[in-house]
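On a predicted model such as this, the values are computed, not experimentally measured, just so you know. Labels below follow one simple rule: chain letters A, B, ... track the order of the sequence lines, proteins then strands, and each chain is numbered from 1.
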2 protein chains.
Amino acid sequence: MPPDSTRRSERSRRAIYDAALALVTEVGYPKTTIEGIAARAGVGKQTIYRWWSSKADVLLEAFIDLSAQAAEAADRAEVIGEQAAYEIPDTGDLEADLKLVLRATVDELLDPAFEAPSRALAAEGVVNEEVGREFVGKLLEPQLQLYVKRLRAAQEQGAVRADLDPRIALELFVSPLAQRWLQYTGPITYEYTDKLVEYALYGLAPR
Amino acid sequence: MPPDSTRRSERSRRAIYDAALALVTEVGYPKTTIEGIAARAGVGKQTIYRWWSSKADVLLEAFIDLSAQAAEAADRAEVIGEQAAYEIPDTGDLEADLKLVLRATVDELLDPAFEAPSRALAAEGVVNEEVGREFVGKLLEPQLQLYVKRLRAAQEQGAVRADLDPRIALELFVSPLAQRWLQYTGPITYEYTDKLVEYALYGLAPR
DNA sequence: GCTCGACAAGACGACGCGTCTCGCCAAGAA
DNA sequence: TTCTTGGCGAGACGCGTCGTCTTGTCGAGC
């Protein structure tokens, strides 16, 4: 039978999240062990096995929690443009808006606190379809839907062709950045993401 | 001191490649162990540790070998269009050529014999920069350079703007497919890759 | 005050790690 | 031919982590 969640220790849960994120950052995902997380968190191993099914599962929840905290903090501070986790700006200039957001994404991808855990989860997701789909569903796809929304607005404004599928269109500038980050296929710079936006909007063929 | 490669057993090398590829396909990368590869190949563990530094290293060489064999076979058969590992066709119609090659790539990505090992290596590469760079340098980048060559030809033909960087341009249609495959962010179909080519060539903005 | 179940701690057998020590055997030297 | 060399298959070894199980503690609700 499942454990009684009303008696669950919030203190342990938080300690486990913190320990998991710290260990992944410090020693890397492969050397992060359940035993290590338990020891660091001052927690019995059984407490981890009681609530999570695997190392990846722990890290996924820890990272979701971290993202939620970060989004909340950004929301409170009402900082626009630095890392708009909740919405993509709409100034009426699609090209400028996309360039701005992609530059912010570049900053986030290179932020060590986010890089280690998200790399670990992405890697696990490549080889473990269940983890992959959960990672995408809970973290990646919601971000991508922000682009869908912005592109739909652009279609109404006439800045993007009305017959295009926004969910595919966004991949033209998001996926190249993602691939460079995931697979080290090239450098990640503002100049690069700016070009991606330009190439995607105006096409490779001459006008 | 390094071992004497002139006395190396070719028989063992091949058996190790075969065992590694088979195990990754059958039980998955995480459950593939050096001990398991050795046992399956009928080989002492030390023989593996003598010539390779890690599980990823073994698999990388095994997969490179597999790819080389496949390319050689395709070359011999002179099959054009099904899986052109050596060159991208140039019929003068860039859109058609790219659609054809991307459709072939879709087939390859869904081929079980290639999928398991290449997923495993990609995953390892995400979290292990050294493996990642080797994977890219030896396997991925050579493939991408075929697109660079084809796009350069298209630029000379006037089918692609002369001021674009072909190495970035190719990412508009290759990376989205790669991301969907790696991260399960969406279905992979011919219709999808066809659209990628169209969107990339003619742009998102109205003409 | 009593019960119940999560908790920290850690013992347990299983297993893969990477290193090592054995004979065995084939190729080149004497 | 005989001798030497070094990779070879096999597997023992100590170590660390796995996931499970046991023990005693503690706090919340009846």
Side-chain angles (χ1 to χ4, degrees), chain A residues 1-62 120 123-124 127-128 130-131, chain B residues 1-62 65 116 120 123-124 127-128 130-131:
Chain A
M1 70 199 70
D4 182 348
S5 61
T6 65
R7 305 182 78 156
R8 182 169 183 180
S9 163
E10 176 68 11
R11 189 181 195 290
S12 298
R13 199 178 59 85
R14 298 233 48 87
I16 289 165
Y17 286 169
D18 293 345
L21 292 171
L23 280 178
V24 163
T25 303
E26 288 170 21
V27 308
Y29 183 65
K31 287 188 181 174
T32 296
T33 65
I34 302 257
E35 300 220 351
I37 295 172
R40 173 108 172 211
V43 139
K45 286 165 61 177
Q46 190 59 36
T47 300
I48 296 182
Y49 285 109
R50 184 177 297 119
W51 301 109
W52 293 278
S53 62
S54 67
K55 179 170 77 167
D57 196 25
V58 175
L59 195 61
L60 182 62
E61 281 198 21
E124 182 70 28
V127 108
N128 181 333
E130 190 187 329
V131 172
Chain B
M1 67 199 71
D4 182 348
S5 60
T6 65
R7 306 183 75 157
R8 183 169 183 181
S9 164
E10 176 68 11
R11 188 180 196 289
S12 298
R13 199 178 58 85
R14 297 233 48 88
I16 289 166
Y17 286 169
D18 293 345
L21 292 171
L23 280 178
V24 163
T25 303
E26 288 171 20
V27 307
Y29 183 65
K31 288 188 181 173
T32 297
T33 64
I34 302 256
E35 301 220 349
I37 295 171
R40 173 109 171 207
V43 140
K45 286 165 63 177
Q46 190 60 33
T47 300
I48 296 183
Y49 285 109
R50 184 177 298 119
W51 301 109
W52 293 278
S53 63
S54 67
K55 178 170 78 167
D57 196 24
V58 174
L59 196 61
L60 182 62
E61 283 198 20
D65 182 76
E124 182 71 28
V127 108
N128 181 334
E130 190 188 329
V131 172

Response to the item:
A/Arg11 CZ to D/dA28 P, in whole Å, measures 13 Å
Practice prompt. Hey, which sits more toward the 5' end of DNA chain D by its nearest nucleotide, B/Ser5 or A/Gly36?
Written response: B/Ser5
Worksheet item: Checking all strands, does A/Gly42 fall into the base, sugar-phosphate, or nothing category for heavy-atom contacts under 4.0 angstrom?
Response: sugar-phosphate
Worksheet item: Does A/Thr33 have a side-chain nitrogen or oxygen under 4.0 Å from the phosphate oxygens OP1 or OP2 of D/dG16?
Response: no
Worksheet item: In whole angstroms, how far is the C1' atom of D/dG19 from the CH2 atom of A/Trp51?
Response: 18 Å
Practice prompt. Report yes if at least one side-chain N or O of B/Ser9 is closer than 4.0 Å to OP1 or OP2 of D/dG7; otherwise report no.
Written response: no
Worksheet item: By side-chain contact (heavy atoms from CB on, under 4.5 Å), which residues pair with A/Arg11, not counting sequence neighbours?
Response: A/Ser9
Item to complete: Please determine if a side-chain N or O atom of A/Trp52 lies less than 4.0 Å away from the OP1 or OP2 oxygen of D/dG19.
Response: no
Name the atoms and distances for all side-chain donor-acceptor pairs under 3.5 Å in residues 39-48 of chain B, with sequence neighbours left out.
residue	atom	partner	partner atom	Å
B/Arg40	NH1	B/Glu26	OE1	3.0
B/Arg40	NH2	B/Glu26	OE2	2.9
B/Lys45	NZ	B/Glu35	OE2	2.8

Fill in: Given D/dG6, C/dG5, D/dG9, the nucleotide with the shortest approach to the side chain of B/Val43
D/dG9
Worksheet, complete the sentence: Note: contacts of residues 13-21 of chain A with DNA chain D (heavy atom, under 4.0 Å) are none
Practice prompt. Supply the atom-to-atom distance A/Ser12 OG to A/Arg50 CZ, rounded to the nearest 0.5 angstrom.
Written response: 9.5 Å
Discussion item. Please report the distance, rounded to the nearest Å, between CD in A/Glu10 and C1' in D/dA28.
Written reply: 16 Å
Worksheet item: side-chain contact (heavy atoms from CB on, under 4.5 Å) with A/Arg7: which residues, sequence neighbours excluded?
Response: A/Asp4
Discussion item. Mind checking if A/Thr6 touches a base, just sugar-phosphate, or nothing, with heavy atoms under 4.0 Å?
Written reply: nothing
Worksheet item: In Å, rounded to the nearest 0.5 Å, how long is the span from CZ of B/Arg13 to CG of B/Asp18?
Response: 10.0 Å
Discussion item. Rounded at 0.5 Å granularity, tell me how far CD1 in B/Ile16 sits from CD1 in B/Ile37.
Written reply: 8.5 Å
Response to the item:
Under a 4.0 Å heavy-atom criterion, the protein footprint on nucleotides 18-30 of chain C, written with B, S and -, is BBB-----B----
Worksheet item: What is the distance, rounded to the nearest whole Å, between atom CG of A/Asp4 and atom P of C/dC4?
Response: 13 Å
Item to complete: Find out whether B/Trp52 and B/Ile34 are in side-chain contact, i.e. whether some heavy atom of one side chain is under 4.5 Å from a heavy atom of the other.
Response: no
Item to complete: State, to 0.1 Å, how close B/Leu59 and B/Ala20 come at their nearest heavy-atom pair, and which atoms those are.
Response: CD1-O, 4.1 Å
Practice prompt. Check side chain to side chain donor-acceptor pair (under 3.5 Å) between B/Trp51 and all other residues, then give those that pass, not counting sequence neighbours.
Written response: none
Worksheet entry | Side chain of A/Thr47 (C-beta onward), nearest among C/dA8, C/dA6, D/dG6 | C/dA8
Worksheet item: Separation of B/Arg8 atom CZ from D/dC8 atom P, in whole Å?
Response: 7 Å
